[in-house]
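All remarks here apply to the structure that follows.
The basis for the numbers below is simple: all heavy atoms, side chains too, and nothing from hydrogens, waters or symmetry mates. Throughout, protein chains are lettered first and strands after them, A, B, ... in sequence-line order, and every chain is numbered starting at 1.
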Amino acid sequence: MPKKYWLFKSEPDVFSWDDLVAAKNRTTTWEGIRNYQARNLLRDECRNGDQVFFYHSRVNPPAIMGIAQVVKEAYPDPEQFDPKSKYYDPSADPDAPRWLMVDVQAVKAFRKPVDLPTLKAHEDLDGLMVTKRGARLSIQPVEPIHWRVISRLGQPKKLT
DNA sequence: GCCAACGTTGGC
DNA sequence: GCCAACGTTGGC
C-alpha cells in the first residue's frame, strides 16, 4: 500500500503546530472530527505512515506549518461519549461508535510556512482542495505531485 | 467580527 | 424524500 498524503486543519488557538512539537513524543490524538466525509476518510483511507500537512486555519494568513505522520490508525474518539466535552455527541452509541480519530506525530517543521495566498498563486497547485472555494473539509487528501511541490516550498527541517 | 458557503436536522 | 431553518467553518 503506497503512502498517502493529507492536509489536516487545526485552529491554532485550539491546537497549534507548536503545541504538537511540544507534546510528549511530539504526538497527539486528533479528536473532534464530526463530519462524515472526514470520518470516512480516516476510517477507509488513512493508514500508519501516511504523511500529513499541518494547516493553521482561521488565522491570517492561513498556512501549512509542517509535516506530521499518522502513528495510530482510526479508533473511536472517546469524547463523543463525554457529556463535558465540546465534542460530545448525545446520539453516539458506545456499541457502535460514530466518530473516529487517529494519532499524529510531528516529523518536520517548515522553515518557511506555506501560506494560503502562496498555495493559490502557484501554477503547479491547481486542484489542491484547500484552495478551492468551499473547501471546508478538515481532513483533505493531497495529491503526491502537490505534496512534493509544497514540501519544497516549505523547506522542511527535521525535528531533533 | 462579518458573512458566504455548506453540512445537518427535522417537520411535513 | 424535500427543503427551510439552523449551526458551523473559515477566509477576510
Side-chain angles (χ1 to χ4, degrees), chain A residues 4-23 28-46 50-70 73-104 106 108-143 145-147 149-156:
Chain A
K4 285 198 274 300
Y5 301 97
W6 305 95
L7 181 147
F8 286 14
K9 294 181 192 169
S10 187
E11 297 179 32
D13 291 348
V14 178
F15 189 81
S16 71
W17 170 256
D18 286 344
D19 292 334
L20 178 59
V21 171
T28 188
T29 54
W30 205 264
E31 72 278 0
I33 298 298
R34 295 293 181 269
N35 168 284
Y36 288 106
Q37 195 178 349
R39 190 276 312 268
N40 293 347
L41 287 168
L42 290 181
R43 183 188 61 197
D44 302 334
E45 306 281 340
C46 194
D50 283 1
Q51 302 292 109
V52 176
F53 284 142
F54 192 111
Y55 178 87
H56 279 176
S57 66
R58 263 174 169 276
V59 287
N60 195 9
I64 297 171
M65 306 303 293
I67 295 173
Q69 64 181 348
V70 177
E73 294 180 8
Y75 62 106
D77 178 346
E79 296 205 23
Q80 67 194 301
F81 306 122
D82 178 0
K84 293 188 293 297
S85 170
K86 70 170 179 167
Y87 299 123
Y88 177 56
D89 181 348
S91 57
D93 176 357
D95 293 328
R98 172 177 302 188
W99 303 115
L100 305 173
M101 64 185 189
V102 296
D103 291 359
V104 300
K108 292 178 182 172
F110 277 178
R111 291 184 180 85
K112 296 178 61 179
V114 183
D115 64 25
L116 187 61
T118 301
L119 295 172
K120 283 181 171 172
H122 201 292
E123 61 182 5
D124 294 333
L125 294 175
D126 283 355
L128 184 71
M129 192 180 286
V130 76
T131 61
K132 281 193 283 197
R133 188 180 185 79
R136 293 198 307 166
L137 198 59
S138 59
I139 302 283
Q140 302 183 358
V142 174
E143 297 293 331
I145 178 64
H146 292 157
W147 180 272
V149 170
I150 294 165
S151 295
R152 186 167 308 168
L153 292 173
Q155 301 179 16

What does the inter-axis angle of the helix from B:dG1-C:dC12 to B:dC12-C:dG1 come out as, five pairs per end, nearest 10 degrees?
10°
Can you tell me if A:Tyr55 touches the phosphate of C:dG11, counting only side-chain N or O atoms and a distance under 4.0 Å to OP1 or OP2?
yes
Hey, are the side chains of A:Arg34 and A:Tyr87 touching, using non-hydrogen atoms and a 4.5 Å cut-off?
yes
Atom-pair distance (CZ on A:Phe8; P on C:dG10), nearest Å:
14 Å
Length of the line joining A:Tyr36:OH and C:dG7:C1', which is rounded to integer Å
15 Å
Test side chain to side chain donor-acceptor pair (under 3.5 Å) on A:Asp50 and A:Trp6 and set out the steps.
CA-CA 8 Å; A:Asp50 283 1; A:Trp6 305 95; 3.0 Å; yes
Between CG of A:Asp89 and C1' of C:dT8 the distance, given in whole Å, is 15 Å
For A:Arg152, look at atom CZ and say whether over 12 heavy atoms of other residues, nucleotides or ligands are found less than 6.0 Å away.
no
Please report the distance, rounded to the nearest Å, between CG in A:Asp115 and P in C:dG10.
17 Å
Report yes if at least one side-chain N or O of A:Lys9 is closer than 4.0 Å to OP1 or OP2 of C:dG10; otherwise report no.
yes
Under 3.5 Å, which donor-acceptor pairs link side chains of residues 53-61 of chain A to any protein atom two or more places apart or in another chain?
from, atom 1, to, atom 2, distance (Å)
A:His56, NE2, A:Trp17, N, 3.0

For A:Leu137 and B:dG7, give me the distance from atom CG to atom C1', rounded to whole Å.
11 Å
Quick check: any donor-acceptor pair below 3.5 Å linking the side-chain of A:Arg136 to the base of C:dT8?
yes
Is A:Lys120 near enough to C:dC12 that one of its side-chain N or O atoms lies under 4.0 angstrom from OP1 or OP2?
yes
Other residues, nucleotides, ligands: >12 heavy atoms within 6.0 Å of A:Gln37 CD
no
Length of the line joining A:Arg58:CZ and B:dA5:C1', which is rounded to integer Å
13 Å
Rounded to whole Å, CG of A:Asp13 lies from P of C:dT9 at a distance of 14 Å
Spacing between A:Gln140 atom CD and C:dG10 atom P, to the nearest angstrom
9 Å
State whether the number of non-hydrogen atoms from other residues, nucleotides or ligands found under 6.0 Å of A:Lys4 atom NZ is greater than 12.
yes
Does the plane of the ring in A:Trp30 sit parallel, tilted or perpendicular to the ring in A:Phe8? Use 30° and 60° as the thresholds.
tilted
